[in-house]
K.L.:
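I have a structure here, written as structure tokens, and I will follow up with some questions on it.
The model shown is predicted, which means the values in this text are computed figures rather than measured ones. In what follows, every chain begins at residue 1, and chains take the letters A, B, ... in the order their sequences are listed.
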Number of protein chains: 2
Amino acid sequence: MIMGLTKTEHFSKNQNQVAAYAKALGHPARIAILEYLLQKKACICGDLVDELPLAQATVSQHLKELKAVGLIKGEIEGTSVCYCINEKGWEEAKDFLLGLFASPLSDKSCC
Amino acid sequence: MIMGLTKTEHFSKNQNQVAAYAKALGHPARIAILEYLLQKKACICGDLVDELPLAQATVSQHLKELKAVGLIKGEIEGTSVCYCINEKGWEEAKDFLLGLFASPLSDKSCC
DNA sequence: AATATATATCGCAATATTACGATTAATATC
DNA sequence: GATATTAATCGTAATATTGCGATATATATT
């Protein structure tokens, strides 16, 4: 056990996966990026830099995280990179998160 | 702008809210806690300490975050605190996250 | 080859997160 | 009142995250 590092090895694959997708979504800039991609279908890094209130380096970092978790993908086109939603990962993330919210709530009050 | 602090003021209320709920879900221990609560309907801190591979102090911290974002609520009973899902916040989180995933995907390939 | 463009990476700084032992505060029991 | 239980909080340490300027790399254009 190392302080500061999440003890992922003690949780199920499902729990780790739900948490990983959630974590990737846990920043408003990333939500904004995904919304933009959902609307425009595709865009280049520079488009997002113009759109977001963040430096190019920061936008690139956020894109890197979204790409790493599988929510987006990028294709190099000359000097640019064209990003879009990665449909497979997107659907998977949706399934994992929906899975968490799928359990019925109790009709009883707390305690 | 302060380095290390998220620039939330530049994003919409919706984007900030989706991100906040996602961030709260971004740790496997919290997923495990929520799943346990969904299954058992209610439990005390001590139950979770027995269930999770974490120290009592850590469990308490995670509960604090889940409570702060509104996903769970706790009622004091003697020396114990009985936690359960906060139905109102739970449904709201579900709506916000579903809202993100509700947009149709393009049938076009990336670029 | 020189120049321009696009973007990932590096390096740094500030803050947040994660984990845990120790402590504190509130309640319950004897 | 003394003792026990429960859990929030404190303090600390290690790591992660967030932001940005500078830089490196790859491609395009002249």
Side-chain angles (χ1 to χ4, degrees), chain A residues 1-11 15-16 19-20 22-33 42-69 72-84 110-111, chain B residues 1-11 15-16 19-20 22-33 37 42-69 72-84 111:
Chain A
M1 195 286 292
I2 309 177
M3 200 175 301
L5 258 190
T6 300
K7 301 171 71 167
T8 56
E9 67 279 0
H10 293 112
F11 298 97
Q15 288 164 345
N16 281 320
K23 194 168 181 179
L25 296 171
H27 190 292
R30 296 184 198 164
I31 301 298
I33 290 171
C43 73
I44 64 171
C45 178
D47 294 333
L48 291 167
V49 176
D50 293 338
E51 186 78 9
L52 298 172
L54 300 170
Q56 181 270 318
T58 309
V59 172
S60 203
Q61 283 176 332
H62 283 303
L63 287 168
K64 183 174 179 177
E65 292 298 324
L66 288 171
K67 190 175 169 189
V69 81
I72 65 173
K73 58 185 175 184
E75 287 181 13
I76 301 179
E77 302 187 346
T79 60
S80 297
V81 184
C82 181
Y83 288 97
C84 66
C110 192
C111 311
Chain B
M1 193 290 284
I2 310 178
M3 202 177 300
L5 257 189
T6 301
K7 300 168 73 165
T8 56
E9 68 278 359
H10 293 113
F11 297 97
Q15 287 164 343
N16 281 319
K23 195 170 182 179
L25 296 171
H27 189 291
R30 296 184 197 165
I31 302 298
I33 288 170
L37 287 179
C43 72
I44 62 171
C45 181
D47 293 334
L48 290 166
V49 176
D50 293 338
E51 186 77 8
L52 299 171
L54 300 171
Q56 181 270 317
T58 309
V59 172
S60 203
Q61 283 177 334
H62 283 302
L63 287 168
K64 184 174 180 176
E65 293 298 324
L66 288 172
K67 190 175 169 190
V69 81
I72 65 173
K73 58 186 173 181
E75 287 180 13
I76 301 178
E77 301 186 348
T79 60
S80 296
V81 183
C82 182
Y83 288 98
C84 66
C111 311

K.L.:
Under 4.0 Å between a side-chain N/O of B:K7 and OP1 or OP2 of D:dG19, yes or no?
P.N.:
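Indeed not, no polar side-chain atom of B:K7 lies that close.
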K.L.:
Report yes if a side-chain nitrogen or oxygen of A:Y83 is closer than 4.0 Å to either non-bridging phosphate oxygen (OP1 or OP2) of C:dA8; otherwise report no.
P.N.:
yes
K.L.:
Whole angstrom is fine here: how far is it from CD1 in B:I2 over to P in D:dC20?
P.N.:
12 Å
K.L.:
Counting heavy atoms from C-beta on, name the nucleotide in D:dG11, D:dC20, D:dA7 closest to the side chain of B:Q61.
P.N.:
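Between D:dG11, D:dC20, D:dA7, the one nearest the side chain of B:Q61 would be D:dG11.
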K.L.:
From the list D:dT18, D:dA26, D:dT9, which nucleotide is the closest neighbour of the side chain of B:S60?
P.N.:
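Selected nucleotide (nearest to the side chain): D:dT9.
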K.L.:
With the side chain of B:M3 defined as its heavy atoms from C-beta on, choose the nearest nucleotide among D:dT6, C:dA13, C:dG21.
P.N.:
C:dA13
K.L.:
Please determine if a side-chain N or O atom of A:K64 lies less than 4.0 Å away from the OP1 or OP2 oxygen of C:dT7.
P.N.:
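Answer is no, no contact under 4.0 Å.
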K.L.:
Among C:dA8, D:dC20, C:dT27, find the nucleotide with the atom closest to the side chain of B:T79.
P.N.:
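Comparing C:dA8, D:dC20, C:dT27 against the side chain of B:T79, the answer is C:dT27.
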K.L.:
Measure from the side-chain heavy atoms of A:A55 and tell me the nearest of C:dT7, D:dG21, D:dT18.
P.N.:
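So the nucleotide nearest the side chain must be D:dG21.
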K.L.:
Given D:dG11, C:dA8, C:dT9, which nucleotide is nearest the side-chain atoms of A:Q56?
P.N.:
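Of the options given, the side chain of A:Q56 lies nearest C:dA8.
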K.L.:
Whether A:T58 contacts D:dC20 is assessed here as follows: a side-chain N or O lying under 4.0 Å from the phosphate OP1 or OP2. Is that the case?
P.N.:
yes
K.L.:
Give the rounded distance in Å between these two atoms: CD1 of A:I76 and C1' of C:dA6.
P.N.:
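Value for this atom pair: 11 Å.
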K.L.:
Counting N and O atoms only, with roles assigned by atom type, does the side chain of B:D50 sit under 3.5 Å from a partner on the main chain of B:D47, one being a donor and the other an acceptor?
P.N.:
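No: the side chain of B:D50 does not pair with the backbone of B:D47.
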K.L.:
So B:L63, base contact, sugar-phosphate only, or nothing? Heavy-atom distance under 4.0 Å.
P.N.:
nothing
K.L.:
Would you kindly give the CZ-to-P distance between A:R30 and D:dA16, to the nearest whole Å?
P.N.:
14 Å
K.L.:
Give the nucleotide from the list C:dT18, D:dA7, D:dT18 with an atom nearest to the side chain of B:H27.
P.N.:
C:dT18
K.L.:
Expressed in angstrom and rounded to an integer, what is the separation of B:L54 atom CG from C:dT17 atom P?
P.N.:
17 Å
K.L.:
OP1 or OP2 of D:dT17 sitting under 4.0 Å from any side-chain N/O of A:H62?
P.N.:
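No, because none of the side-chain N or O atoms of A:H62 sits under 4.0 Å from OP1 or OP2 of D:dT17.
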K.L.:
Checking contacts here: which listed nucleotide (D:dA7, D:dG19, D:dT17) is nearest the side-chain heavy atoms of A:K23?
P.N.:
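It is D:dT17.
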K.L.:
Atom NE2 of B:H10 and atom C1' of D:dC20: how far apart are they, to the nearest Å?
P.N.:
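Computing the B:H10:NE2 to D:dC20:C1' distance gives 14 Å.
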K.L.:
Which word best sums up how the rings of B:F11 and A:H27 line up, parallel for under 30°, tilted for 30 to 60°, or perpendicular for over 60°?
P.N.:
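The rings of B:F11 and A:H27 stand perpendicular, inter-plane angle above 60°.
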K.L.:
Round to the nearest Å and state the distance from A:E77 atom CD to D:dA28 atom P.
P.N.:
11 Å
K.L.:
Tell me the interatomic distance from A:L5, atom CG, to C:dC20, atom C1', rounded to whole angstroms.
P.N.:
14 Å
K.L.:
So, the side chain of A:K67 versus the backbone of A:G74: is there a donor-acceptor pair under 3.5 Å, distance only?
P.N.:
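No; zero donor-acceptor contacts below 3.5 Å.
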K.L.:
Check the distance between C:dA28's C1' and B:I44's CD1 and give it to me in whole angstrom.
P.N.:
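Roughly 13 Å, once rounded to whole Å.
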